[in-house]
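Quick note: numbers below take in every heavy atom, side chains included, and nothing from hydrogens, waters or symmetry partners. Chain letters run A, B, ... following the sequence lines, proteins first, then strands; residues in each count from 1.
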There are 2 protein chains.
Amino acid sequence: MTLSLREKRRQETARDIQKSTLELAVSHDLDNVTTEEIAAAAGISTRTFFNYYANKEAAAIGHPPSFRDDEIEALRTGSGDLAADLKLFLDRHIATLAGDEDILRMVGKVLQSNEKARGILDGFLMTERHVLTECLSERVGNRQTAAALASYATDAIGRAIFLWEHAKSMSLNEALDVVWGGVIDASRVLIKPNR
Amino acid sequence: MTLSLREKRRQETARDIQKSTLELAVSHDLDNVTTEEIAAAAGISTRTFFNYYANKEAAAIGHPPSFRDDEIEALRTGSGDLAADLKLFLDRHIATLAGDEDILRMVGKVLQSNEKARGILDGFLMTERHVLTECLSERVGNRQTAAALASYATDAIGRAIFLWEHAKSMSLNEALDVVWGGVIDASRVLIKPNR
DNA sequence: GCAAAGATTGCACACTACGCAAGGTTTTGA
DNA sequence: TCAAAACCTTGCGTAGTGTGCAATCTTTGC
């Protein structure tokens with residue numbers, strides 16, 4: 001790999017900046033923190049800060065893990081029940097996210113009060129949802145069906161993180177299970193006429 | 001109503017500013033438009049612009065119609081099949097949105113490229129989804145189920161608008177029908193084991 | 001070890017967003 | 001009807017954001 005010392009440093013710096021940003025944001029609210037303060041905390045100049053992130057909200061979000069190629073591939077070529085395959089896919093992705101619980105928690109806090117940060121994350125999720133839609137299109141014939149399923153899935157991740165953040169003593173895994181139960185139940189309600 | 005001439009003017013000005021913002025945004029891309037230009041186009045001072053909106057992205061979004069109280073009430077007290085009631089609810093809301101097709105189209109264009117605007121709309125939709133979740137909680141026992149249904153519904157509106165914007169010669173109503181078909185189909189896929 | 005590529009930084013500058021205070025308009029109610 | 005209260009608009013000042021440019025330093029590949 002050509003991306004050696006230089007690339008490694010870059011990723012480290014990017015992560016340092018994110019951590020500095022999140023720590024300041026959690027204690028003082030991101031809106032009350034200046035890029036100058038963040039840069040100072042990360043040990044770089046203000047100018048360099050902007051070489052890494054377009055703005056402080058982007059620095060707070062950082063570079064969240066995308067769906068991994070092998071996760072997507074497993075879902076595309078899966079041969080089991082689609083609901084089970086999709087749940088497995090989400091479980092795997094949640095496991096990836098669980099590797100950075102502290103950052104996840106701080107990002108969640110920022111998202112609660114910062115519109116711009118939400119927009120940035122939303123843009124990222126839009127891309128992810130698109131990837132997932134493409135993948136699911138090969139499992140179900142209809143594109144709208146695939147789009148709906150992709151929405152269900154990414155939303156479920158979001159709600160699981162939200163639940164995990166608010167219900168103490170619940171792991172990310174458990175939160176996803178609870179949320180997924182709601183997804184399945186909601187689907188049942190829409191199909192089987194009730195009352 | 002105490003909100004007479006003064007309040008009316010306020011709403012008119014707010015709308016004028018939104019229109020000026022959107023027209024400039026569609027022709028030049030919002031990022032390349034300054035608040036000064038928008039203010040000039042709307043015939044007000046820059047300072048006054050900020051008395052109406054916190055930033056140009058908020059001006060572009062404006063004040064989208066919330067779910068109306070009677071729409072929510074109808075859904076809460078509805079006694080039919082929940083899927084049918086929910087679809088009716090969405091039809092009514094889409095009809096409300098259809099009253100401002102030109103603005104809707106321009107807002108859509110801004111949302112494609114502007115993260116901050118997406119975040120602002122997202123915050124608004126978060127509130128709407130919460131209202132809907134509360135309402136649906138009274139129809140289905142489980143809160144997670146209600147949350148999932150509320151997500152399905154608000155996402156469906158978003159996808160319907162997207163489809164309407166990209167598929168010419170399709171009305172908002174028709175777009176919603178197509179999207180809703182996908183939602184139902186997706187639910188079916190999750191319930192009935194396929195393959 | 002050296003040239004090319006890349007990273008960091010300071011400086012300058014346009015733009016954003018808001019507090020404040022001065023002046024104008026609308027509303028209220030006596 | 002008219003004066004006080006409430007509200008609106010605006011200019012000015014200022015802290016903060018984000019970027020182009022050029023100088024300087026570090027890493028890389030040969």
Side-chain angles (χ1 to χ4, degrees), chain A residues 1-18 20-22 24-25 27-63 110 113-120 123, chain B residues 1-18 20-22 24-25 27-63 110 113-120 123:
Chain A
M1 54 186 90
T2 49
L3 49 120
S4 217
L5 203 158
R6 196 167 259 173
E7 188 64 17
K8 208 167 131 191
R9 285 254 176 93
R10 223 189 141 70
Q11 289 181 4
E12 273 170 17
T13 305
R15 203 176 167 80
D16 286 349
I17 295 172
Q18 186 189 16
S20 299
T21 305
L22 286 172
L24 287 167
S27 52
H28 300 82
D29 193 308
L30 188 53
D31 284 340
N32 300 322
V33 176
T34 66
T35 52
E36 206 167 352
E37 290 172 304
I38 296 170
I44 55 170
S45 74
T46 309
R47 192 62 190 78
T48 300
F49 171 89
F50 286 109
N51 286 345
Y52 279 84
Y53 296 105
N55 47 62
K56 58 186 176 184
E57 290 79 13
I61 299 296
H63 302 290
V110 169
S113 63
N114 193 296
E115 292 174 337
K116 197 168 172 182
R118 269 202 302 268
I120 291 168
Chain B
M1 54 187 91
T2 48
L3 50 120
S4 216
L5 203 158
R6 197 170 258 172
E7 188 64 17
K8 208 165 131 192
R9 285 252 178 94
R10 228 192 135 68
Q11 289 181 4
E12 274 170 16
T13 306
R15 205 176 165 80
D16 286 349
I17 295 173
Q18 187 189 14
S20 299
T21 305
L22 286 172
L24 286 167
S27 51
H28 299 81
D29 193 308
L30 188 52
D31 284 340
N32 299 323
V33 176
T34 66
T35 53
E36 206 167 351
E37 290 172 304
I38 296 171
I44 55 170
S45 75
T46 308
R47 191 64 191 79
T48 299
F49 172 88
F50 286 107
N51 287 344
Y52 279 85
Y53 295 104
N55 47 63
K56 58 186 176 183
E57 290 79 14
I61 299 295
H63 302 290
V110 169
S113 64
N114 193 296
E115 292 175 337
K116 197 168 174 182
R118 269 202 302 268
I120 290 168

Rounding to an integer number of Å, can you tell me how far [X] [atom1] sits from [N] [atom2]?
X	N	atom1	atom2	result
A/I17	C/dT9	CD1	C1'	14 Å
A/D31	C/dT16	CG	P	17 Å
A/E57	D/dG18	CD	C1'	12 Å
A/F50	C/dA12	CZ	P	18 Å
B/Y53	C/dC18	OH	P	15 Å
B/E36	C/dA17	CD	P	13 Å
A/E12	C/dA7	CD	P	14 Å
B/K56	C/dC15	NZ	C1'	8 Å

If we check side-chain contact (heavy atoms from CB on, under 4.5 Å) with B/E12, which of these qualifies: B/K8, B/R10, B/R15?
B/K8
Starting from the 5' end of DNA chain C, give me the residue, B/R9 or B/F49, whose nearest nucleotide shows up first.
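Its nearest nucleotide lies further toward 5', so the answer is B/F49.
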Under 3.5 Å: donor-acceptor pair, side chain of [X], backbone of [Y]:
X	Y	answer
A/T48	A/N51	no
A/K56	A/T34	no
B/N32	B/H28	yes

Is B/T35 near enough to C/dT16 that one of its side-chain N or O atoms lies under 4.0 angstrom from OP1 or OP2?
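Answer yes for this pair, as a side-chain N or O of B/T35 is under 4.0 Å from OP1 or OP2.
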So, is A/K116 near the phosphate of D/dG18, with a side-chain N or O under 4.0 Å from OP1 or OP2?
yes
Which is it for A/Q18 and A/Y52 under the side-chain contact (heavy atoms from CB on, under 4.5 Å) test, yes or no, and what are the steps along the way?
CA-CA 10 Å; A/Q18 186 189 16; A/Y52 279 84; over 6 Å; no
Assign a letter to each nucleotide of nucleotides 7-13 of chain D from its 5' end: B, base within under 4.0 Å of a protein heavy atom; S, sugar-phosphate only; -, no contact.
BSBBBB-
May I ask you to check whether B/H63 and B/Y53 place their ring centers less than 6.0 Å from one another?
yes
Under the criterion side-chain contact (heavy atoms from CB on, under 4.5 Å), I'd like the reasoning laid out for B/I120 against B/N55: C-alpha separation, chi angles, the key distance, then a yes or no.
CA-CA 10 Å; B/I120 290 168; B/N55 47 63; 3.7 Å; yes
